[in-house]
Peer 1: 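Have a look at the structure that comes next, please.
Note that the structure is a prediction, hence the values are computed from the model and not measured. Chain A is the first sequence line, chain B the second, and so forth, proteins listed ahead of strands; every chain is numbered from 1.
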Number of protein chains: 2
Amino acid sequence: MTKRSYGQDCALALGLDVIGERWTLLIIRGLLTGPKRYSTLQDQLSGIGTNLLATRLRELTEHGITRKTDEGYELTECGEALRPIVHALIRWGHQFRNLAPDAAVSRPEWDMLALEAAFRPERAEGVETTLDLTLSGYRFHAVVRDGAARCSQGAAADADATASTTTETLQAIGDGRISLSDAIESGKIELQGSRRAFRQLFQLFELPSD
Amino acid sequence: MTKRSYGQDCALALGLDVIGERWTLLIIRGLLTGPKRYSTLQDQLSGIGTNLLATRLRELTEHGITRKTDEGYELTECGEALRPIVHALIRWGHQFRNLAPDAAVSRPEWDMLALEAAFRPERAEGVETTLDLTLSGYRFHAVVRDGAARCSQGAAADADATASTTTETLQAIGDGRISLSDAIESGKIELQGSRRAFRQLFQLFELPSD
DNA sequence: CGGAATCCTCTTCGATACTG
DNA sequence: CAGTATCGAAGAGGATTCCG
């Protein structure tokens, strides 16, 4: 019953002792899009065993990565510190998109996080703006501020631009199969507000080109 | 015999299908300090089963992360792209240093990589310098150039400063148990070259303060 | 209904032994 | 030196059941 460990005095190995087990980083992914209940987490992970989720959450809480509240589970500051790392892993992982099995499940929350990961801070110096986005029916908003983008579920309180499209269209733009202009022209992206503003906002993100 | 997968159409999950298995990221850590032979890799991983190492290397090579040469295994460009991610994980993992079991093994290569991870690019604009460092008998050098630091095994061809110390001293400085000045005064760091230059060079790194 | 513990089967891990 | 073969132990996955 003793916890498995690499037994190495190395920060990487010690970190992986904490978040390197199977499913752990995917649980953290779930919490990076906001606090969630146990069952919601389980639904979104689609495939994790209930005992495993319980075990992982206990371990994560013991290590101070997550915490339990009345509304469910949420990340601590220490867990929140993993956000840029998860972002980087998402950007790195894009190249393996072709490895996804046909039966692979998909969740809008993952696309939301992928968009957050696609944000390029070096293009957004001094920019402060809010985008209200509906992706295949899933509505969320991206707030760009202080050189960072943060996506959250639900409508924006005060959006500078509002857009509605599908994940397929967004991926098609990323792959270069369709240009942003064409997507807007053909109505594949429905816009409200200044088209120029939206286009500028869109340039802050680098969609995976492969 | 089919490969285990999360079965999710998410870049993070797909990336973890490739590098998320047990030991995989530690193998990559081993290769981030230079190409290595099978047995060298095995020695440095201290604990991995030989069958597991063989399996992982095969999978990594199939996925284009590593490649096999006459001199052993090395990272491809795709694998090399994991360096900043590993750096970030090392910085994040430092907080769990107290979790290391007493019997934990240690390797100078890991300290070398930890130093590389401790480099703060925002402090090094326009800096171009080379440090020759011997850490507990392990000699390597750090090259700072283009806002990045890169540590490699062996002596520097042309060093701006040469220092010799122990990993314990370096950790003590990071923990604040001893100041850099005191360490130099007391001879815990042996210096060659300009002391001022060394001090400035040292400021480019942020050693984990806990 | 949210949050698990239990049971059972299957796969993977880890260590040792062995081979081209 | 660079792996493969083997096998007991541990972990993962899935269904069901239990508790507040």
Peer 1: The side chain of A/Arg58 is closest to which nucleotide in this list: C/dC13, C/dA4, C/dA5?
Peer 2: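 Given the options C/dC13, C/dA4, C/dA5, the side chain of A/Arg58 is closest to C/dA5.
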
Peer 1: Judged by atom type as modelled, is there a donor-acceptor pair below 3.5 Å linking the side chain of A/Thr162 to the main-chain atoms of A/Gln192?
Peer 2: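 Side chain of A/Thr162 to backbone of A/Gln192, a donor-acceptor pair under 3.5 Å: no, none is there.
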
Peer 1: What is the separation between atom OH on A/Tyr73 and atom P on C/dG3, rounded to the nearest whole Å?
Peer 2: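 Answer to the nearest Å: 7 Å.
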
Peer 1: Looking just at side-chain N and O atoms, do B/Thr129 and B/Asp160 make a donor-acceptor pair shorter than 3.5 Å?
Peer 2: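 Distance-only check passes for B/Thr129 and B/Asp160.
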
Peer 1: Establish, for the pair A/Arg22 and B/Tyr6, whether the NZ or CZ atom is under 6.0 angstrom from the six-membered ring centre and no further than 45 degrees off its axis.
Peer 2: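 The answer is yes, since A/Arg22 meets both limits relative to B/Tyr6.
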
Peer 1: Can any side-chain N or O of A/Arg29 pair as donor or acceptor with the backbone N or O of A/Val86 at less than 3.5 Å?
Peer 2: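 Not a single qualifying donor-acceptor pair exists.
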
Peer 1: Quick one: B/Leu53 CG to D/dG3 P, roughly how many Å, whole number?
Peer 2: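 These atoms are roughly 8 Å apart.
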
Peer 1: Once pairs are restricted to Watson-Crick or G-U wobble with both distances under 3.5 Å, how does DNA chain D read as a dot-bracket string, [ ] for crossings and | for other-strand pairs?
Peer 2: .|||||||||||||||||||

Peer 1: Whole angstroms only, please: what is the NZ-P distance between A/Lys68 and D/dG20?
Peer 2: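 About 13 Å, once rounded to whole Å.
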
Peer 1: Please identify which of these residues, A/Leu41, A/Asp43, A/Leu26, A/Leu53, meets the side-chain contact (heavy atoms from CB on, under 4.5 Å) condition with A/Ile48.
Peer 2: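 Checked A/Leu41, A/Asp43, A/Leu26, A/Leu53 against A/Ile48; only one passes side-chain contact (heavy atoms from CB on, under 4.5 Å): A/Leu53.
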
Peer 1: Could you tell me the separation between the CG atom of B/Leu45 and the C1' atom of C/dC13, rounded to a whole number of Å?
Peer 2: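 The answer, rounded to whole Å, is 15 Å.
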
Peer 1: For the pair made of CD in A/Gln42 and P in D/dG13, what is the distance, rounded to whole Å?
Peer 2: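 Distance check: A/Gln42 CD to D/dG13 P gives 13 Å.
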
Peer 1: Between A/Thr166 and A/Ser136, is there a side-chain donor-acceptor contact under 3.5 Å, judged purely by atom types and distance?
Peer 2: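 Their side chains do not contain a donor-acceptor pair, so the 3.5 Å distance test is not met.
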
Peer 1: Is a side-chain donor or acceptor of A/Asp9 paired with a backbone partner of B/Ala104 at a separation under 3.5 angstrom?
Peer 2: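 It does not hold such a pair.
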
Peer 1: Which residues in residues 27-39 of chain A have a heavy atom closer than 4.0 Å to any atom of DNA chain C?
Peer 2: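 Under 4.0 Å from DNA chain C: A/Arg37, A/Tyr38, A/Ser39.
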
Peer 1: Scan nucleotides 14-20 of chain C nucleotide by nucleotide, 5' to 3', and note B when protein non-hydrogen atoms come under 4.0 Å of the base, S if they reach only the sugar-phosphate, - if neither.
Peer 2: BBBB---

Peer 1: B/Glu21 CD to C/dT12 C1': how many Å, rounded?
Peer 2: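 Whole-Å distance recorded here is 9 Å.
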
Peer 1: Just the rounded figure in Å: distance from P of C/dG2 to CG of A/Asp70.
Peer 2: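 These atoms are roughly 15 Å apart.
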
Peer 1: Please report, rounded to the nearest Å, how far the P atom of D/dG11 is from the CG atom of A/Asp17.
Peer 2: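 That distance rounds to 13 Å.
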
Peer 1: Indicate whether OP1 or OP2 belonging to C/dC13 is found under 4.0 Å from a side-chain N or O atom of B/Arg56.
Peer 2: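 True: B/Arg56 side-chain N/O within range (under 4.0 Å) of C/dC13 OP1/OP2.
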
Peer 1: Report yes or no: does B/Gln8 contribute a side-chain atom to a donor-acceptor pair with the main-chain N or O of A/Leu45 at less than 3.5 Å?
Peer 2: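 Answer holds: yes.
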
Peer 1: Between B/Arg4 and B/Glu21, is there a salt bridge with N-O shorter than 4.0 Å?
Peer 2: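 Judged by the 4.0 Å cut-off on N to carboxylate O distance, B/Glu21 and B/Arg4 do form a salt bridge.
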
Peer 1: For the side chain of B/Gln95 and the backbone of B/Trp92, is there at least one donor-acceptor N/O pair under 3.5 Å apart?
Peer 2: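 Checked: pair present.
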
Peer 1: Is there a donor-acceptor pair under 3.5 Å between the side chain of B/Thr24 and the backbone N or O of B/Gly20?
Peer 2: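 No.
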
